[in-house]
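Remarks on the structure that follows.
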Amino acid sequence: MNIDSARPALEDKLKQIASAPKRFMNRLTTVWQRLTLPQRLYLLAALLLMSEHLGLVAIITTIALTLEFWPLFERVWHSLAGKAILLLFYAIVANYALAMAGAIVNEVVGVPANHFNYTHNFAILLLLPAWILGISAVGLLFVQLLMPFYLMIALILKPIGIKLFSLTGNNHYRFTTLMVRFVLSFVLLYHLILLIGDVEQRVESALSDIKTMEQSLKKDSNPNETDGAVATGEVGSEPGAIAGGIEKEASLLDQDFIQVQPDDQIDNQQDRELALEYASLRQTYHDVIRVLIAQFAYYYEADSRSRCEKHEDANVVELNDYEILEVVPDNAAKYRYRFTVRKCISPAFPDK
């Protein structure tokens, strides 16, 4: 009798257990359907955080940030004040790209860039997209880092009935998306720092300079101790022995530190390898840009015929009535082309 009465409840329990995977999948499908495309990309990047492919995480985060904040960019662009701010922003970027292009052309050809107008414009076309994409990515990242302050202001103004406009189009899981986006932004910032330059080496160099200055100040503040050591003849014996003992003890401590913390050593090795990869990428971009500029100057800016004498395979650019810049293909040259300023030898200015 008791078994028969308990059978329906047991069957219900078994049905609930059997349907748990289906209910979980239905709930997971509902959550997935509520997510927007940027939120799905954030979820994918967050799952990849457990792997070693942090570069892929940074790329996915950049795409997600672009898709999520592009409507905000359009909203700002369609307002008069926003359009003025954006145009001023990109004008500043264009001015920097213009100046950098002139400096690179001067580095490649060896003369002022005003003699290579078309090459200068070509260098701007090569540099401007990288500048715009880089500065836009930094701007998106800066906006993202300001989001917690926006959320704080929104929470403060909500009790008094003031509602701020929404920066994104997310209707569900806004706070969770904000936290995930905030974490992923630091991953992106880390990769941007590595891509821009050797920040770690510069910081270490600055700290080393500060340490050297402190040591020099200590020596200047205690001149009597040094003089006393020199007078008693202790500089050549005891200080050397003491310094050797200190160095030996420091090396033993370093060995113990490395043995105690092998995980930190592995992380540092991975960071160095990643920094070397970004350094190689920067160097490749640096060299390719300059080779393309030299090639453009030879084929399109320099003249294959000139009133001045030149080598058979050389093209020239006339700097003035008396000088020419001779451009010769040379695989042994730094950028595969050799640029040489020569005297113009012509019927009007014969060689004496």
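Residue numbers start at 1 and run along the sequence shown. Values below: every heavy atom of this structure, side chains too, minus hydrogens, waters and symmetry copies.
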>> Taking atom CZ as the centre, does Arg40 end up with more than 12 heavy-atom neighbours from other residues, nucleotides or ligands that are less than 6.0 angstrom away?
In response: yes

>> Please determine whether the number of non-hydrogen atoms from other residues, nucleotides or ligands lying under 6.0 Å from atom OH of Tyr322 exceeds 12.
In response: no

>> Testing Ile59, Thr61, Ile60 one by one against Val57 for a side-chain contact (heavy atoms from CB on, under 4.5 Å), which residue passes?
In response: Thr61

> Which pair of heavy atoms, one from Ser346 and one from Cys308, lies closest together, and at what distance?
Replying inline: CB-CA, 4.4 Å

>> Let me check something: do Tyr42 and Val187 share a hydrophobic cluster, defined by ILVMFWY side-chain heavy atoms less than 4.5 Å apart, either directly or through other members?
In response: yes

> What is the ring orientation for Phe122 with Phe296, classed by angle as parallel under 30°, tilted 30 to 60°, or perpendicular over 60°?
Replying inline: parallel

Please tabulate, one pair per line, all N/O donor-acceptor pairs under 3.5 Å involving side-chain atoms of residues 78-85, not counting sequence neighbours.
from	atom 1	to	atom 2	distance (Å)
Ser79	OG	Val76	O	2.8
Ser79	OG	Gly82	N	3.2

> Which atoms form the tightest heavy-atom contact between Ala123 and Ile293, and what is the distance?
Replying inline: CB-CD1, 3.7 Å

>> Using salt bridge (charged side-chain N to carboxylate O under 4.0 Å, His left out), reason through Arg307 and Glu318 one step at a time and then give a plain yes or no.
In response: CA-CA 9 Å; Arg307 63 184 176 87; Glu318 295 188 11; 3.5 Å; yes

Please report, to 0.1 Å, the donor-acceptor pairs under 3.5 Å made by any side chain of residues 102-118, with sequence neighbours excluded.
from	atom 1	to	atom 2	distance (Å)
Asn106	ND2	Val111	O	3.0
Glu107	OE1	Arg290	NE	3.3
Glu107	OE1	Arg290	NH2	3.3
Glu107	OE2	Arg290	NE	3.3
Glu107	OE2	Tyr335	OH	2.9

> How many angstroms lie between CD in Glu326 and CG in Asp313, if you round to the nearest 0.5 Å?
Replying inline: 8.0 Å

> At what distance, to the nearest 0.5 angstrom, does CD1 of Ile324 lie from CG of Asn315?
Replying inline: 11.0 Å

>> Tell me whether Ile156 shares a hydrophobic cluster with Phe149, the cluster being built from Ile, Leu, Val, Met, Phe, Trp, Tyr side chains joined at under 4.5 Å.
In response: no

>> Please determine whether the number of non-hydrogen atoms from other residues, nucleotides or ligands lying under 6.0 Å from atom OH of Tyr285 exceeds 12.
In response: yes

> To the nearest 0.5 Å, what is the distance between CD (Gln39) and CG (Leu44)?
Replying inline: 14.0 Å

>> Quick check on the hydrophobic clustering: are Val93 and Leu127 connected, directly or via other members, by side-chain heavy-atom contacts under 4.5 Å?
In response: yes

> Can you get from Val317 to Ile345 by hopping between Ile, Leu, Val, Met, Phe, Trp and Tyr side chains that sit under 4.5 Å apart?
Replying inline: no

> For Leu67, which residues count as a side chain to side chain contact (heavy atoms under 4.5 Å, CB included) partner, sequence neighbours excluded?
Replying inline: Leu37, Pro38, Leu41, Ile63

>> Please report the interatomic distance CD1(Ile92) to CG(Leu87), rounded to the nearest 0.5 Å.
In response: 11.5 Å

> Do the ring planes of Phe186 and Phe182 sit parallel (below 30°), tilted (30 to 60°) or perpendicular (above 60°)?
Replying inline: perpendicular

>> For the CG atom of Leu56 and the CG atom of Leu49, what is their distance to the nearest 0.5 Å?
In response: 10.5 Å

>> As an exercise, state the distance from CZ of Arg336 to OH of Tyr298, rounded to the nearest 0.5 Å.
In response: 14.5 Å

> Hey, mind stepping through Val328 and Lys310 against side chain to side chain contact (heavy atoms under 4.5 Å, CB included) and telling me if it holds?
Replying inline: CA-CA 10 Å; Val328 182; Lys310 66 180 186 65; over 6 Å; no

>> Evaluate Val327 against Glu301 for side chain to side chain contact (heavy atoms under 4.5 Å, CB included), listing each step before the verdict.
In response: CA-CA 10 Å; Val327 188; Glu301 186 86 22; over 6 Å; no

>> Using the rule side-chain contact (heavy atoms from CB on, under 4.5 Å), only one of Val31, Thr176, Leu35 pairs with Leu43; which is it?
In response: Leu35

